[in-house]
Asks: 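Just passing along the structure, written as structure tokens.
Every value quoted in this text rests on a predicted model; they were computed, and no experiment measured them. Naming convention: chains lettered A, B, ... in sequence-line order (proteins, then strands); numbering from 1 in each chain.
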Number of protein chains: 2
Amino acid sequence: MGRMPKLADHEERRALIVAALLRIAANRGLHAASMRTVAAEAGVSVSTVQYYFGTKERLLFAGLQHQAEVVGQRIEAGLAANAGGGVRNRLYAWLVQLIPVNEQQRAGYTVFAAYHALALTDPALAEQSYTRGSAELEVVLRGLLADAEQAGELSPGRDVGAEAGNLLALATGLADSVMAGMRTPEAAIALLNYQLDQLFVAASSRSAAAARRP
Amino acid sequence: MGRMPKLADHEERRALIVAALLRIAANRGLHAASMRTVAAEAGVSVSTVQYYFGTKERLLFAGLQHQAEVVGQRIEAGLAANAGGGVRNRLYAWLVQLIPVNEQQRAGYTVFAAYHALALTDPALAEQSYTRGSAELEVVLRGLLADAEQAGELSPGRDVGAEAGNLLALATGLADSVMAGMRTPEAAIALLNYQLDQLFVAASSRSAAAARRP
DNA sequence: GCCTTGATGGTACGACTGTACTGTACGATC
DNA sequence: GATCGTACAGTACAGTCGTACCATCAAGGC
């Protein structure tokens with residue numbers, strides 16, 4: 001704090017400005033994020049934004065990249081935090097993160113949706129592989145499901161690759177429906193749990209089967 | 001065609017302008033749809049757009065309403081066209097419509113995504129119940145699944161309400177992944193078919209079961 | 001034939017946009 | 001201590017935005 005040093009920390013200044021951009025995008029929409037509004041939100045001058053990002057296009061790119069990194073870090077953090085639990089609980093812990101239940105998650109979804117819509121008509125933005133996080137998550141899910149299949153926890157006749165893709169798509173679609181006001185977050189989570197119930201052999205019948213053949 | 005009549009057909013003129021708006025939104029993005037670009041695309045003057053819609057906000061509302069009506073009509077058309085087939089085929093026929101395979105469907109998705117993102121930060125737009133089509137479709141799906149359950153075509157232990165919601169969310173999420181470039185449309189359709197295979201009793205085992213007990 | 005009114009074009013205005021340019025204060029280097 | 005480059009702030013410019021206003025022109029009612 002205090003007086004700003006004359007040799008600034010570029011990383012920190014850029015992060016400050018990007019945070020202001022994402023804040024505006026989440027609250028007022030990405031269309032409301034102009035050079036001036038972002039600068040005002042960050043408490044700096046427009047020239048400072050220009051100095052660190054040059055053009056607005058590069059600022060937008062940085063915002064998208066930051067958002068993607070946040071998602072990636074959340075995934076890794078969830079991986080570390082839930083490394084110990086059962087496979088089904090770990091699956092649930094990750095998928096439920098995609099359902100927007102609190103304001104932070106709603107904000108993240110809003111920003112992502114805005115970039116997603118923008119990328120549909122802006123080739124330069126589409127080239128930024130902002131879906132890498134989702135693709136990585138799908139790979140993780142597939143690995144988890146493979147473990148569960150080895151342990152005999154899955155219902156018979158399941159394709160782990162297809163199930164991984166469908167679980168991710170289901171969670172995404174449920175998030176859409178929640179944000180569109182079609183469903184409460186709780187209802188979406190209940191639907192997610194239902195799907196996992198169908199996918200996994202019920203714990204009671206598993207233990208019953210185990211008790212039947214000792 | 002020919003000379004424009006001096007007493008204009010308001011419906012027709014409004015439709016002409018809204019079509020131009022949606023064309024721009026699909027091709028260049030909703031942010032590129034200004035009074036001037038829409039007027040130019042429609043081949044009319046800005047004043048004409050003002051005359052029929054007054055303000056840009058009302059023009060955007062009309063565009064969203066039109067898009068919702070198109071979706072609703074597609075659902076009804078699909079209902080009429082596939083009234084005869086089996087339940088599973090009818091389910092598939094509707095859900096596969098949500099996966100963008102051709103340019104028209106991609107355009108529709110793009111427009112809808114743009115409005116969806118805008119509605120997340122614009123309360124006035126969010127109040128327009130643009131999700132009514134999806135909600136109606138979910139009701140239809142539930143009815144279909146109930147029929148299938150009555151006919152014994154469903155796998156045991158399924159909740160038709162949950163399955164209807166999850167199928168719709170799955171199709172939506174698969175559409176997202178296709179538009180995000182994560183998957184080809186064909187791969188998404190394969191995943192959709194996989195899910196339906198899990199939900200329905202395989203036709204072979206159904207006929208086998210029927211043959212076993214006459 | 002006149003006059004009203006519906007339908008449209010043209011234009012002007014104020015606000016906002018991204019970006020380029022200029023000025024300038026200060027830490028680092030010599 | 002003079003010099004140089006970094007890190008800003010301020011401003012100016014050309015363009016676009018939505019919208020209000022005025023002109024026009026033809027069709028219908030009288």
Asks: Among all residues two or more places apart in sequence or in another chain, which pass the side chain to side chain donor-acceptor pair (under 3.5 Å) test with A:N89?
Replies: none

Asks: Counting only side-chain N and O atoms of A:Y51, is one of them less than 4.0 Å from OP1 or OP2 of D:dA9?
Replies: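 So the side-chain polar atoms of A:Y51 never come under 4.0 Å of the phosphate oxygens OP1 or OP2 of D:dA9.
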
Asks: To 10°, what angle do the rotation axes through the five end pairs on each side of the helix from C:dG1-D:dC30 to C:dC30-D:dG1 form?
Replies: 10°

Asks: Let me have a per-nucleotide readout for nucleotides 13-20 of chain C, 5' to 3', with B, S or -, counting only protein heavy atoms under 4.0 Å.
Replies: ----BBBB

Asks: What pairs with A:H116 under side chain to side chain donor-acceptor pair (under 3.5 Å), at least two apart in sequence or on another chain?
Replies: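 Once residues adjacent in sequence are excluded, the partners of A:H116 under the side chain to side chain donor-acceptor pair (under 3.5 Å) criterion are A:Y130, B:Y109.
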
Asks: Base, sugar-phosphate alone, or nothing: which one does B:T48 contact when heavy atoms must sit under 4.0 Å apart?
Replies: sugar-phosphate

Asks: Between A:H10 and D:dA7, does any side-chain N or O lie under 4.0 Å from OP1 or OP2?
Replies: yes

Asks: Tell me every residue that passes side chain to side chain donor-acceptor pair (under 3.5 Å) with A:S47, counting only those two or more places apart in sequence or in another chain.
Replies: none

Asks: List the atom of B:T121, the atom of A:T110, and the distance in Å for their closest heavy-atom pair.
Replies: CG2-CG2, 3.7 Å

Asks: Quick one: which residue pairs count as a side chain to side chain donor-acceptor pair (under 3.5 Å) with a foot in residues 19-29 of chain B, not counting sequence neighbours?
Replies: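 Residue pairs with at least one partner in residues 19-29 of chain B: B:R23-B:E41.
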
Asks: Identify each donor-acceptor pair in which a side-chain atom of residues 187-199 of chain A lies under 3.5 Å from a protein atom, sequence neighbours left out, and give them as a table.
Replies:
| from | atom 1 | to | atom 2 | distance (Å) |
| --- | --- | --- | --- | --- |
| A:N193 | OD1 | A:R88 | NH2 | 2.9 |
| A:Y194 | OH | A:Q198 | NE2 | 3.2 |
| A:Y194 | OH | B:D159 | N | 2.9 |
| A:Y194 | OH | B:E163 | OE2 | 2.6 |
| A:Q195 | OE1 | B:N166 | ND2 | 3.0 |
| A:D197 | OD1 | A:R88 | NH1 | 2.5 |
| A:Q198 | OE1 | B:R158 | NE | 3.4 |
| A:Q198 | NE2 | B:G157 | O | 3.1 |

Asks: With sequence neighbours excluded, what pairs up with B:D147 under the side chain to side chain donor-acceptor pair (under 3.5 Å) test?
Replies: none

Asks: Can you tell me the distance, in whole Å, between the CZ atom of A:R14 and the C1' atom of D:dC8?
Replies: 16 Å

Asks: Nearest whole angstrom, please: distance from the C1' of C:dT8 to the CZ of B:F53.
Replies: 15 Å

Asks: Any ring-ring contact (aromatic ring centres under 6.0 Å, His included) involving residues 72-99 of chain A? Give me the pairs, sequence neighbours left out, ordered by first then second residue.
Replies: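 Residue pairs with at least one partner in residues 72-99 of chain A: there are none.
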
